[in-house]
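Some notes on the structure that comes next.
These numbers come from the heavy atoms of this one structure, side chains and all, not from hydrogens, waters or symmetry mates. The sequence lines fix the lettering, A, B, ..., with proteins before strands; numbering per chain opens at 1.
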2 protein chains.
Amino acid sequence: MAVNLKQLAELLGLSQTTVSRALNGYPEVNAETRQRVLQAVRETGYRPNRAAQRLATGKAYSIGMVMPIAAGIDSDVHFGEFLAGLGEEAVKHDFHFVLNPSAPEDEEATFQRLAASGNVDALFLAYMRANDPRIAMLKSLSIPFVVHGRSIGETRDYPFLDIDNTGAFYDATRLLIQLGHQRIALINGPDYLTFSIRRMKGMARALVEHGLNLDEALVHHSLMTDEHGYRSMQRFLQHPDAPTAVLCSSTVLALGAVRAINQAGLAIGRDISLIAHDDVLPMLKPENFSVPLTTTRSSLRAAGGRIATRLIAGILKSGDYPDQELWRAELIVRASTGPAPQK
Amino acid sequence: MAVNLKQLAELLGLSQTTVSRALNGYPEVNAETRQRVLQAVRETGYRPNRAAQRLATGKAYSIGMVMPIAAGIDSDVHFGEFLAGLGEEAVKHDFHFVLNPSAPEDEEATFQRLAASGNVDALFLAYMRANDPRIAMLKSLSIPFVVHGRSIGETRDYPFLDIDNTGAFYDATRLLIQLGHQRIALINGPDYLTFSIRRMKGMARALVEHGLNLDEALVHHSLMTDEHGYRSMQRFLQHPDAPTAVLCSSTVLALGAVRAINQAGLAIGRDISLIAHDDVLPMLKPENFSVPLTTTRSSLRAAGGRIATRLIAGILKSGDYPDQELWRAELIVRASTGPAPQK
DNA sequence: ACGGATATCCAAAGCGCTTTGGGAGGAAAG
DNA sequence: CTTTCCTCCCAAAGCGCTTTGGATATCCGT
């Protein structure tokens with residue numbers, strides 16, 4: 001049924017060499033011939049056999065990732081969404097995954113095994129922590145990798161894709177300050193992850209620039225579940241000098257926060273303003289909240305896709321992508337932010 | 001660095017044929033010779049090249065799965081845990097994954113593409129629903145598969161691994177009845193998934209056998225998050241004729257339920273009894289609950305591993321595993337169940 | 001002692017692709 | 001008109017494994 005290179009070459013009256021070259025973009029083939037080849041590919045539905053390519057090129061055509069087995073990580077919506085982006089893109093290029101579950105303490109060994117197995121061409125790393133030791137490890141492994149996020153307190157000489165968390169929360173905070181808010185709270189992700197650290201930093205910077213200070217009592221760190229959002233918000237509302245605005249590190253947290261606010265009988269956007277970071281989770285759209293949410297937006301799925309793209313391009317040496325990318329998050333103002341209520 | 005078959009054969013003064021046969025368990029090789037070969041493998045650390053094996057055998061050495069992109073599925077802890085089991089086992093045998101994210105409406109096409117790609121030797125299916133159309137689809141695809149769970153209202157002629165959900169909740173319910181409980185509630189998973197359906201059935205059966213009835217007001221279906229557990233339990237407690245015992249379909253649900261009970265000032269195991277189904281999530285152990293939880297236990301991770309094992313054995317035609325398995329869940333009595341309180 | 005099993009082993013032919021090392025033919029250069 | 005240089009194409013050699021189709025040697029019964 002499926003044709004192979006040899007048959008395709010015969011069909012065209014060409015040699016396998018030429019057909020192979022035409023397909024792989026080598027220069028020493030006539031433009032017209034190349035067109036004929038491409039046309040024939042379309043007609044026959046020819047797809048190169050990956051196993052043969054692997055054997056011939058020594059490439060594995062697959063990317064490895066260590067799946068962390070730890071509380072609140074593999075389990076969370078955000079991970080699934082990111083994985084979806086990665087998977088979508090990988091499948092397009094007919095790339096495989098090697099998913100290696102590993103407890104944090106074995107991670108190092110797992111990476112090494114994976115790299116040594118010859119079964120993956122590249123590795124992927126996420127959930128960056130401050131001074132993350134895994135980066136040095138990966139560098140020593142002589143296998144390409146991309147990290148999602150950035151470490152803190154490390155040299156910056158490794159490939160990454162991150163969003164400008166500092167900038168996003170700086171912008172969000174400044175918007176709130178401009179609206180007159182003085183008491184602003186933060187419901188953040190786990191405190192050891194760098195994105196949380198940076199978001200808090202962005203917020204603090206904006207406050208300081210406007211002569212305000214970050215009140216530590218108004219900052220909560222936790223796994224990003226709706227439950228934690230609910231509890232944090234409840235506690236904030238009980239605070240003697242309750243905040244008039246709150247930043248959430250995820251729409252999932254915001255979900256819980258909104259619930260707490262409603263329960264307290266307050267009006268979002270009037271009594272209290274809310275801005276959430278939106279990872280663009282398909283089942284949780286900020287515009288569908290009862291009061292549409294002002295957000296800093298950056299798609300996690302897109303990030304997953306982009307990382308796959310870069311990893312694959314790196315393996316195939318096709319296309320040229322920047323080694324380090326910092327995506328800006330868009331600040332999208334909706335109804336959940338309004339002027340600070342008068343005392 | 002790494003030796004290949006040829007080198008290994010030379011080293012041993014044998015032909016590649018013989019070495020290959022020795023390794024793959026063919027009979028036409030002297031026992032002593034085989035030992036020598038195995039010894040040499042140990043010494044050299046020889047590992048067959050998977051790409052070459054793929055090419056020679058036509059097998060892909062990888063298993064495909066469609067990752068559902070839908071609310072409360074890919075996102076949940078249970079999925080992660082299951083995936084971990086699958087991944088662990090697959091990696092042991094040096095198998096790959098092809099993770100194909102897909103929205104429910106494209107699932108069919110995704111499966112077909114995956115099967116046709118020649119990139120996977122077997123498929124895996126989960127989140128069974130009643131009358132699940134995907135089973136007939138997979139059967140028509142002429143590619144081996146195993147489903148996790150069972151459909152309802154379908155012929156039973158397909159390979160599956162399921163746990164005896166009916167039995168588990170039957171047992172749990174009977175225990176509660178024996179303890180004198182008459183009003184028993186159920187906090188269940190989504191109502192369209194077969195495990196939920198069966199658990200409710202098991203519960204109903206036990207009740208009926210003891211002259212009791214399932215009160216529909218005491219049954220909630222929802223995604224299995226701690227939040228939903230909390231809310232359901234809260235509502236049950238407000239019920240005019242509140243239950244004295246509750247079954248939860250997951251320890252995650254139980255987490256929320258326990259919170260609601262504590263908040264209401266009730267004592268677990270005395271004022272109200274609780275039994276949860278325990279998927280053996282490493283970060284949520286029933287014995288670590290403030291009042292250790294009585295559970296029906298069956299490890300999700302083990303199920304993932306077992307499915308990988310079966311799939312792999314099927315591909316390799318090594319080992320003989322039953323085509324259909326129904327695992328019993330163990331009823332483990334801890335402190336959360338006690339005699340029904342006197343009115 | 002001999003034909004025929006039986007037990008072990010081997011050479012060689014693929015699997016489908018990439019890549020090396022030319023070769024033919026025409027254009028540009030001398 | 002020869003020499004050199006491109007341009008475009010091809011034959012063939014792998015990549016590392018499995019598997020077919022024998023070989024060779026041993027051992028059996030008769």
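Between the CE atom in A:M65 and the CG atom in A:L99 there is a gap of 5.5 Å [rounded to 0.5 Å].
Relative to the ring axis of B:Y61, B:R50 places its NZ or CZ within 45° and under 6.0 Å from the centre.
Nearer to the 5' terminus of DNA chain C, by closest-nucleotide assignment, is the contact made by B:T57 (compared with the other of A:T57 and B:T57). Each of B:L55 and B:G13 has a nearest nucleotide on DNA chain C; the 5'-most of these lies closest to B:G13.
B:Y46 has a side-chain polar atom (N or O) that falls below the 4.0 Å cut-off from OP1 or OP2 of D:dC17. Note on B:Q16: every side-chain N or O is 4.0 Å or more away from OP1 and OP2 of C:dC10. Taking 4.0 angstrom as the limit, B:Y26 places none of its side-chain polar atoms (N or O) nearer than this to OP1 or OP2 of C:dA7. One finds no side-chain N or O of A:N49 lying less than 4.0 angstrom from the OP1 or OP2 phosphate oxygen of C:dG16. OP1 or OP2 of C:dC10 has at least one side-chain nitrogen or oxygen of B:S15 nearer than 4.0 Å.
To the nearest angstrom, P of C:dC9 lies 11 Å from CG of B:L12. If you measure from atom CG of B:L23 to atom P of D:dC17, you get 10 Å, rounded to the nearest angstrom. Here C:dC10 presents its P atom at 5 Å from CG of B:L14, a figure rounded to the nearest Å. A straight line from CZ of B:R36 to P of C:dC9 spans 9 Å, rounded to a whole angstrom. Atom pair A:Q53:CD and D:dG16:P shows a separation of 17 Å (rounding to whole Å applied).
Look at A:K139 and A:D157 and you find a salt bridge, because one of the NZ, NE, NH1 or NH2 atoms lies within 4.0 Å of a carboxylate O, short of that distance.
Between the side chain of A:N49 and the backbone N or O of A:A51 there is at least one donor-acceptor pair closer than 3.5 Å.
In this model, a side-chain donor or acceptor of B:T17 finds a partner on the base of D:dT19 within 3.5 Å.
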